[in-house]
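Report on the structure given below.
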There are 2 protein chains.
Amino acid sequence: MTRLSHSRERMEKVPTQTFFNLPEEKRERIIRAAIDEFADNSFHQASIAKIIEQAGISRGSFYQYFSDIKDLYKFIFEKSGQEKMVYIYDVVSKMNELNTFVIMKELYKAGIRFANDHPKLALLGNKLYKEDISVRNEVMAGLEEKSYQFYEDLLQKGIEKGDVDPGVDITIASRLFLTMNLAVVENFLTNSKHDHFLDDIEGYLQEVDKMLYILEHGLKKKDYE
Amino acid sequence: MTRLSHSRERMEKVPTQTFFNLPEEKRERIIRAAIDEFADNSFHQASIAKIIEQAGISRGSFYQYFSDIKDLYKFIFEKSGQEKMVYIYDVVSKMNELNTFVIMKELYKAGIRFANDHPKLALLGNKLYKEDISVRNEVMAGLEEKSYQFYEDLLQKGIEKGDVDPGVDITIASRLFLTMNLAVVENFLTNSKHDHFLDDIEGYLQEVDKMLYILEHGLKKKDYE
DNA sequence: AAAAAATATGACAGGTGTGTCATGTTTTTA
DNA sequence: TAAAAACATGACACACCTGTCATATTTTTT
């Protein structure tokens with residue numbers, strides 16, 4: 001209790017307490033408007049003007065909740081991360097038992113399911129990974145390194161389990177893995193927009209299998225002569 | 001001759017004839033300013049205001065050479081492509097003789113040498129590949145498809161030569177190859193900026209070897225039991 | 001119900017950018 | 001050398017954005 005009252009410090013929270021005191025409907029409206037804006041625009045193209053316009057709040061109010069658009073971006077990105085966790089939690093929890101390549105496949109699949117259910121969040125996240133390092137550092141606040149670390153651990157465990165070739169450079173492989181994951185989601189998002197609406201994403205998952213086949217076996221022809 | 005005179009049509013060239021009539025020194029100043037601006041900023045952040053400021057020309061003059069900033073971007077991107085050609089021409093010409101994986105390696109190496117000699121051009125090109133599809137289509141005008149086609153041909157020849165596993169999906173593999181190429185160059189550019197200045201790029205090429213090892217052999221452990 | 005605290009508002013100053021245009025200046029042509 | 005063509009210039013109108021602030025409204029506290 002004393003704890004709690006102490007937590008109301010002079011340091012402002014990053015979305016302000018005021019923001020969380022808001023009636024849920026209004027708060028949701030702001031969040032939705034922000035997601036739309038960040039899904040459609042790069043960090044620098046996104047504007048407070050458009051967000052408050054769509055959310056139907058005044059400029060003055062915006063600054064009562066966030067100190068600038070970067071704070072809002074951070075908040076939305078974190079929320080997105082939490083939502084994505086829901087999709088990959090099951091896979092992560094089985095990381096020690098399953099074969100490394102099965103894990104990888106499940107991670108890719110989870111990523112696609114997330115993108116299917118929350119296309120705007122996926123879009124927004126992918127956009128962020130394409131931003132300059134300076135923007136990424138400001139908004140993701142070290143989350144990127146965490147991703148790499150996660151994949152490095154996965155591969156390291158894979159070597160210990162005997163699944164993964166000990167000859168591969170783990171740092172490089174994890175970069176490759178993350179990059180490929182982004183490309184896979186990106187590809188899914190563009191295809192599901194333009195082409196036929198794949199209501200079942202199973203068809204698309206076959207594409208992922210082909211991708212993983214390459215990642216697992218390489219491009220070289222096996223069993224000569 | 002009649003041909004040549006006919007080519008002076010009512011359709012305005014895209015950098016205007018006026019631009020090419022300019023004294024070389026002035027033209028170069030504009031090109032340099034544009035390269036700087038496009039290397040430092042995204043398509044939407046780049047501005048005519050800053051370019052003319054650095055080049056020391058008036059706003060009115062700019063519009064005598066280009067109809068808007070997109071035209072300038074196109075022009076610079078094309079120039080950059082021509083310059084890059086110089087680096088990969090040798091490799092391309094040997095495409096039929098050499099082993100497919102040797103070709104790939106040489107292509108990566110050529111990309112790195114290009115980035116080493118012309119970091120701003122490489123930066124600018126990499127930035128463009130990260131832009132939205134709409135921007136890419138406007139500026140690259142189908143050049144992207146050409147890149148994919150090039151890699152698909154390389155892989156197809158590889159299968160015919162017996163180098164490449166016929167089981168791999170060529171479309172996906174070519175996407176992977178292009179993506180990796182971008183990542184490699186990106187990585188080189190960031191490293192050569194922040195860390196120690198690698199005056200010899202040979203050290204960095206070892207990284208590329210590790211990358212290609214994965215692409216060639218995959219991540220899976222070989223020779224079981 | 002009066003005072004205090006919390007929340008909301010939009011006008012405003014100031015910044016950056018674009019494309020145009022009337023007006024110069026220089027070069028070429030006749 | 002006079003007319004025409006080519007080239008250069010920067011002020012201007014308009015657009016879009018940001019962060020602040022005096023003021024108004026609502027809610028909570030006393």
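A, B, ... follow the sequence lines: proteins, then strands. Residue 1 opens every chain.
- Taking the six-membered ring where the residue is Trp, the centroids of B:Phe75 and B:Tyr65 are separated by 6.0 Å or more.
- Listed pair B:Lys26 / D:dA8 meets the phosphate criterion, a side-chain N or O lying under 4.0 Å from OP1 or OP2.
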Requested in this report: At under 4.0 Å between heavy atoms, which parts of nucleotides 12-21 of chain D does protein reach? Answer with one letter per nucleotide, 5' to 3': B base, S sugar-phosphate only, - none.
Outcome: -----SBBB-
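- Taking a 6.0 Å sphere around NZ of B:Lys120, one finds it holds 12 or fewer heavy atoms contributed by other residues, nucleotides or ligands.
- Distance, B:Ile57 CD1 to D:dA6 C1': 16 Å, rounded to whole Å.
- In this structure, B:Phe77 has its ring center no closer than 6.0 Å to that of B:Phe43.
- Note: CZ (B:Phe62) to P (D:dG10) measures 16 Å, nearest angstrom.
- In this structure, the CG atom of A:Leu22 is 14 Å from the C1' atom of D:dT27, given to the nearest Å.
- The neighbour count for B:Lys127 NZ, taken as heavy atoms of other residues, nucleotides or ligands under 6.0 Å away, is above 12.
- Residue B:Phe19 is out of contact with every strand shown, counting any heavy-atom pair closer than 4.0 Å.
- The distance from atom CD of B:Glu37 to atom P of C:dT16 is 14 Å, rounded to the nearest whole Å.
- You'll find the side chain of A:Ile112 reaches within 4.5 Å of the side chain of A:Val184, heavy atoms only.
- Between the CG atom of B:Asn21 and the C1' atom of C:dT27 there is a distance of 12 Å, given to the nearest Å.
- Distance A:Gln64 CD to D:dT26 P: 15 Å, rounded to the nearest Å.
- Within the structure, the side chain to side chain donor-acceptor pair (under 3.5 Å) test picks out the following pairs touching residues 75-86 of chain B (sequence neighbours left out): B:Glu83-B:His118.
- Residue A:Thr18 has its side chain nearest to C:dA8 when only C:dA8, D:dC7, D:dA8 are considered.
- Whole-Å rounding puts the A:Ile52 CD1 to C:dG10 P distance at 10 Å.
- Rounding to whole angstrom units, OH of residue B:Tyr65 and C1' of D:dC7 are separated by 7 Å.
- Between B:Ser61 and the phosphate of D:dT9, there is a side-chain N or O to OP1/OP2 separation shorter than 4.0 Å.
- Look at B:Lys157 and B:Glu152 and you find no salt bridge, because none of the NZ, NE, NH1 or NH2 atoms lies under 4.0 Å from a carboxylate O.
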